[in-house]
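Report on the structure given below.
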Number of protein chains: 2
Amino acid sequence: MDAASTPADDRTGRERILDAAIRRFADQGVDGTSLRTIAADAGVSQALIVHHFGSKEGLREACDTHILGAIRAQMRQAAAEGRDLDVLETFRRRQEHAAALPYLARSLAEGAPSVVALVDELADETVRAMADGVENGTYVPSEHPRERALVLLIWSLGAIALHDHVRRLLGADLTGDPAGLLPYLRGATDLLTDGLFSEALRDRVRDAITQLEQER
Amino acid sequence: MDAASTPADDRTGRERILDAAIRRFADQGVDGTSLRTIAADAGVSQALIVHHFGSKEGLREACDTHILGAIRAQMRQAAAEGRDLDVLETFRRRQEHAAALPYLARSLAEGAPSVVALVDELADETVRAMADGVENGTYVPSEHPRERALVLLIWSLGAIALHDHVRRLLGADLTGDPAGLLPYLRGATDLLTDGLFSEALRDRVRDAITQLEQER
DNA sequence: AGCCTAACTGAACATTCAGTCAGGCACAAG
DNA sequence: CTTGTGCCTGACTGAATGTTCAGTTAGGCT
């Protein structure tokens, strides 16, 4: 059925295909989605997909540049505006980009090659933004600022990649509007404001790490 | 080629099949692996796989119970011994379980149904262990202990799911021996000992959250 | 020896997939 | 009216996949 399109869908076939593909790729994966399914969703013949995008791989690349490009643009915009409160916040500009986060989650999970470049850019941007944040007193200083920034990015992206588990365990919707991620924010801010380790544990952890350093 | 097996591999066919399947499933995904490939790896006919496991799905279930069961057992053992330093540490008992973490990573990424039960158990265990830790002074108290524990678990599992990115960005190998994850530990302990938010930011964050709470 | 069972195989099977091909249809330009 | 020129389609192909099936081999038991 062409659930993706209203009865009178005057968008061009190419747009409907791209839309259906993004949705299917996001929740079934690329390998788990056939061109037939996408064609049916878009109310279009399978041959038209190949006509427009050359191949399934071509369609995948088109989806990647569409979605990942949009995310990239938002990241740059957020960076330019100097917003830096939460890495997640970079993405959560909702509306027509409703499909962006699930698509990103699936791309991360599949280890899609095109997502590597995006993650690398996010990494650079996060390291830079957090250095700024330390400088202007938003964040506390760190002995390992780069590692700290990257781990925080990994945690944020990892939570997105596991958003189904997050929803099940916490009842928080990481792909939806800000209000939906309240439970997640509670846990995250708890950890990021006061930390987790007590005074007693800090030394033990520090010792364990220096021991590891010497072992290598 | 039967790279998985030494020239004189006297293990039973069933074992070789299971071993090859776990390896292939872990790094190509279930859908991305054909029975023919597994059969070739194990030096066995394709029909033998079906003979032993009934179907590809049967083989998948066998792999799941094998690996996820092993992880489960280690978790229970760690819980019984009262170790609770790091959730990751629960898994890192290496040796013959070298394939466990990559397999878990792939299962998490694919959203395999059998991993849901395991994650739920890990969640219960984490919540419980962290409550203990607060009681005996290992961890600092929290306003939202459950959310905090679950977010920490999600972060840990998310990092495993994204271990390729972790390796690329941080040079840390989350699936290997403890020494390999040093850069990750540095960033993580930095965040978990001192937190991230400065005094100035705490109030802003707290305000933002209470505002979200009222909006709903 | 005869028998039974489990391990194992090669060949064939039906299905699904991405991709090809020849052509229809609408509409604008000459 | 004729000639394109995009957009689009149904019918088709070759390759790959999971599964079935008839049969072979080996070893233990009576």
Side-chain angles (χ1 to χ4, degrees), chain A residues 1-2 4-66 106-107 110 112-114, chain B residues 1-2 4-64 66 106 110 112-114:
Chain A
M1 58 176 170
D2 53 345
S5 45
T6 56
D9 196 336
D10 56 350
R11 291 176 306 165
T12 142
R14 195 178 193 280
E15 286 171 326
R16 294 206 308 275
I17 292 170
L18 207 58
D19 190 68
I22 287 169
R23 227 189 306 266
R24 288 287 185 176
F25 284 169
D27 64 51
Q28 305 184 301
V30 176
D31 284 349
T33 306
S34 72
L35 291 187
R36 284 204 250 285
T37 309
I38 297 173
D41 286 353
V44 129
S45 78
Q46 181 184 185
L48 187 63
I49 299 179
V50 178
H51 170 73
H52 277 304
F53 299 95
S55 68
K56 191 184 188 182
E57 181 56 28
L59 174 60
R60 183 221 183 97
E61 286 168 16
C63 292
D64 279 353
T65 61
H66 190 77
R106 178 64 68 167
S107 300
E110 286 182 347
S114 56
Chain B
M1 57 176 171
D2 53 344
S5 45
T6 56
D9 197 336
D10 57 349
R11 291 177 306 166
T12 142
R14 194 176 193 279
E15 286 172 327
R16 293 205 309 277
I17 292 170
L18 207 58
D19 189 69
I22 287 170
R23 227 189 307 265
R24 287 286 184 179
F25 285 169
D27 64 52
Q28 303 182 290
V30 177
D31 284 348
T33 306
S34 72
L35 291 188
R36 281 170 173 79
T37 309
I38 297 173
D41 284 355
V44 131
S45 78
Q46 183 181 184
L48 186 63
I49 299 179
V50 178
H51 169 72
H52 278 304
F53 301 96
S55 67
K56 189 184 188 182
E57 180 57 27
L59 175 59
R60 183 222 183 97
E61 286 168 16
C63 292
D64 279 353
H66 189 78
R106 178 64 68 166
E110 285 182 349
S114 55

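Lettering of chains follows the sequences in order, A, B, ..., and the numbering in each one begins at 1.
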Between dA18(C), dG18(D), dT9(D), which nucleotide has the shortest distance from any of its atoms to the side chain of K56(A)?
-> dA18(C)
Considering only NZ, NE, NH1 and NH2 on the basic side and carboxylate oxygens on the acidic side, decide whether D41(B) and R24(B) come within less than 4.0 Å.
-> yes
May I have the distance from E15(B) (atom CD) to dC8(C) (atom P), rounded to whole angstrom?
-> 11 Å
Quickly work out the Q46(B) CD to dA11(C) C1' distance and round it to whole Å.
-> 11 Å
Is any NZ, NE, NH1 or NH2 atom of the basic residue among R23(B) and D19(B) found under 4.0 Å from an Asp or Glu carboxylate oxygen of the other?
-> yes
For H51(B) and dA7(C), is the shortest distance between a side-chain N/O and OP1 or OP2 below 4.0 Å?
-> yes
Rounded to whole angstrom units, what separation is found between the CD1 atom of I17(B) and the P atom of dG18(D)?
-> 14 Å
With a 4.0 Å cut-off on heavy atoms, is S45(A) in touch with a base, just the backbone sugar-phosphate, or nothing at all?
-> base
Whole-Å gap separating C1' (dC17(C)) and CG (D31(A)) | 11 Å
Counting any heavy atom closer than 4.0 Å, what does L48(A) reach on the DNA or RNA strands: base, sugar-phosphate only, or nothing?
-> base
How do R36(A) and H52(A) order along DNA chain D: which one's closest nucleotide is nearer the 5' end?
-> H52(A)
Do the side chain of E110(A) and the main chain of S107(A) share a donor and acceptor less than 3.5 angstrom apart?
-> no
Can you check the L59(A) CG to dG19(C) P distance for me, whole Å?
-> 10 Å
F53(A) CZ to dC7(D) C1', straight-line distance once rounded to whole Å = 13 Å
E15(B) side-chain N/O to T12(B) backbone N/O, donor-acceptor pair under 3.5 Å | yes
In whole angstrom, what separates I38(A)'s CD1 from dA18(C)'s C1'?
-> 11 Å
Please report, rounded to the nearest Å, how far the P atom of dT19(D) is from the CG atom of L35(B).
-> 6 Å
Sugar-phosphate, base or nothing in reach of T33(A), heavy atoms under 4.0 Å = sugar-phosphate
Per S34(A) side chain, nearest of listed nucleotides dT20(D), dG18(D), dA18(C) | dA18(C)
Verify the neighbour count for atom NE2 of H52(B): are there more than 12 heavy atoms of other residues, nucleotides or ligands below 6.0 Å?
-> yes
